[in-house]
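Lettering follows sequence order; numbering is per chain, from 1. As the structure is a prediction and not an experimental result, all values here were calculated from the model. Just the heavy atoms: all of them, side chains too, but no hydrogens, waters or symmetry mates, feed the values below.
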Protein chains: 2
Amino acid sequence: MQESSSVESKTRSTPETPLLGRLRQMIVTGVVQPGDLLAETALAQDFEVSRTPIREALKQLEREGLVEVRSRVGTFVRKPTQREIHEMFSLKEAFEGLAAGLLARRGAVPELEQLKENVARSQRAVERGDAELYSQLVHEFHSTLVAGADNRKLTEHYDLLMNQLAYHRIVSQTLSLPGRLQNSKDEHQAIIDAISSKDPLAAELVMRRHVAASSQSAALAAMKEEDEEQPG
Amino acid sequence: MQESSSVESKTRSTPETPLLGRLRQMIVTGVVQPGDLLAETALAQDFEVSRTPIREALKQLEREGLVEVRSRVGTFVRKPTQREIHEMFSLKEAFEGLAAGLLARRGAVPELEQLKENVARSQRAVERGDAELYSQLVHEFHSTLVAGADNRKLTEHYDLLMNQLAYHRIVSQTLSLPGRLQNSKDEHQAIIDAISSKDPLAAELVMRRHVAASSQSAALAAMKEEDEEQPG
DNA sequence: TTACAATTTGTTGCATGCAAGAAATGCTAG
DNA sequence: CTAGCATTTCTTGCATGCAACAAATTGTAA
């Protein structure tokens, strides 16, 4: 299953102090809500350590954009602005497009098989109308695709981005939109086809279209009004 | 003219403790070399503060990939592997391609004028054979282009990437390759043309081609530098 | 009640002490 | 000289105390 942190990958020079991961997960999964105060002293007591390691973790989270440290006032869980969400989806599109292209260039790798199996399971989830399972599979699909690009720097930046997007909550809302669920699965299949035919350009294009479509749904779900122009 | 940090942008929630920026610049500009030990106590004396803020800054730099903290051994300036350099250039291509597309979609903005003027100055630098000035202008061109995309998240990730690439040293060597200098200027002009004609796809394509070409040169230069260290 | 100043409370920022561990050094035996 | 072990040194990891500052609270006067 997953590591202690939410979207974080396996490799890390320092073995990832559990503290940072646990705090990050609390934020990403919504255990603590935007605006909540994360006081060093209180956290230190909760985790039964001193303020120092807590403080270091909070500084990291600030760098990751998950919290805001207001000097001598407090550290607060941050909520991305609508603009930031839009910006991050642009980046998501670029990252996953790049990943699809790189994966297509690599050819037949284990990750490609994983993707095929993912779509098969997704098909069954769609038939059963199991939105919860499907949401999980969607996450796995994108995660596997990026991993398959075999580019650690890309993975690093991608994880950073997705943590800040607090992917789970936004996407699970998105998928409940009518029709989007079946569409999404078909698009995943199209992506696999493009990758399988070892056509990096096509793979990137299809992937980016897919992400753009999802993003639009997600943006709609996050905020009702706000009409955006779509590239094409 | 630059901020305290090297490639960092203006906006930052916390006003960017000077310490972090100064340390970062020391690494990026090569004042301290890869493999060098950055001992907390020594730095604390140099900067006339206690170990605590030094320690926090070093942890940030670890997160940025500039140093490696080996537990209870020391913090060392990190040197990107050849693979990482390759990976980062892939990301650079994606980032700047995205930026070019976004900028093309924005249309006529101040940054576009800055780019035009940059090329004009570059032309003069080429004619005079002033490689040093040209190197600076190249940096400015790419920096302005990304800024012109008006996407702060993109800028954040881009800055993170470029700091780790320690751009200056690699690029300045790159440009000395024969012919590359004039080519580079022409490509910059082509990028501006695509952006001016408000064709995001074309702009992205041309930009990515340009970055790919530069990257290849830079990769060669980096390998060359690598070889020069080994014989000993 | 309202305005406003003084005080109290709560939080982070920084300095410092000490312990844990890794690596270098020296020492001893052969 | 070499190998192996003890010791010393150097470094980070963490705990804690105190100062600086912001914000909330209280008290007071009109």
message = Looking at E156(B) and R152(B), is any side-chain nitrogen of the basic one under 4.0 Å from a carboxylate oxygen of the acidic one?
response = no
query = Salt bridge check: are E62(A) and K59(B) linked by an N-O gap of less than 4.0 Å?
reply = no
Starting at [atom1] of [X] and ending at [atom2] of [N], how long is that distance when rounded to a whole Å?
X: R51(A); N: dG13(C); atom1: CZ; atom2: C1'; result: 8 Å
X: K59(B); N: dC14(D); atom1: NZ; atom2: P; result: 7 Å
X: R55(A); N: dG13(D); atom1: CZ; atom2: P; result: 16 Å
X: L37(A); N: dA23(D); atom1: CG; atom2: C1'; result: 12 Å
X: I54(A); N: dT11(C); atom1: CD1; atom2: P; result: 14 Å
X: E56(B); N: dT12(C); atom1: CD; atom2: P; result: 12 Å
X: Q45(A); N: dT11(C); atom1: CD; atom2: P; result: 11 Å
X: E40(B); N: dC14(C); atom1: CD; atom2: P; result: 15 Å

inquiry  = Between S214(B) and H210(B) (side chain of the first, backbone of the second, donor and acceptor by atom type, cut-off under 3.5 Å), is there such a pair?
reply    = yes
ask   = What are the two closest non-hydrogen atoms of L38(B) and L43(B), and how far apart are they?
value = CB-CD1, 3.9 Å
[X] side chain N/O closer than 4.0 Å to the phosphate oxygens (OP1, OP2) of [N]?
X: T75(B); N: dT12(D); answer: yes
X: R70(A); N: dA23(D); answer: yes
X: S50(A); N: dA15(D); answer: yes

ask   = Does E48(A) or R72(A) map to a spot on DNA chain D nearer the 5' end, using the closest nucleotide for each?
value = E48(A)
inquiry  = Between A39(B) and T52(B), which residue's closest nucleotide on DNA chain D lies nearer the 5′ terminus?
reply    = A39(B)
ask   = Just checking, is any N or O donor in the side chain of S184(A) or Y134(A) under 3.5 Å from an acceptor N or O on the other one?
value = yes
request  = Assign S71(A) to base, sugar-phosphate, or nothing according to its heavy-atom contacts below 4.0 angstrom with the strands shown.
outcome  = sugar-phosphate
request  = Name the nucleic acid region contacted by L38(B), choosing base, sugar-phosphate or nothing; use a 4.0 angstrom heavy-atom cut-off, strictly under.
outcome  = sugar-phosphate
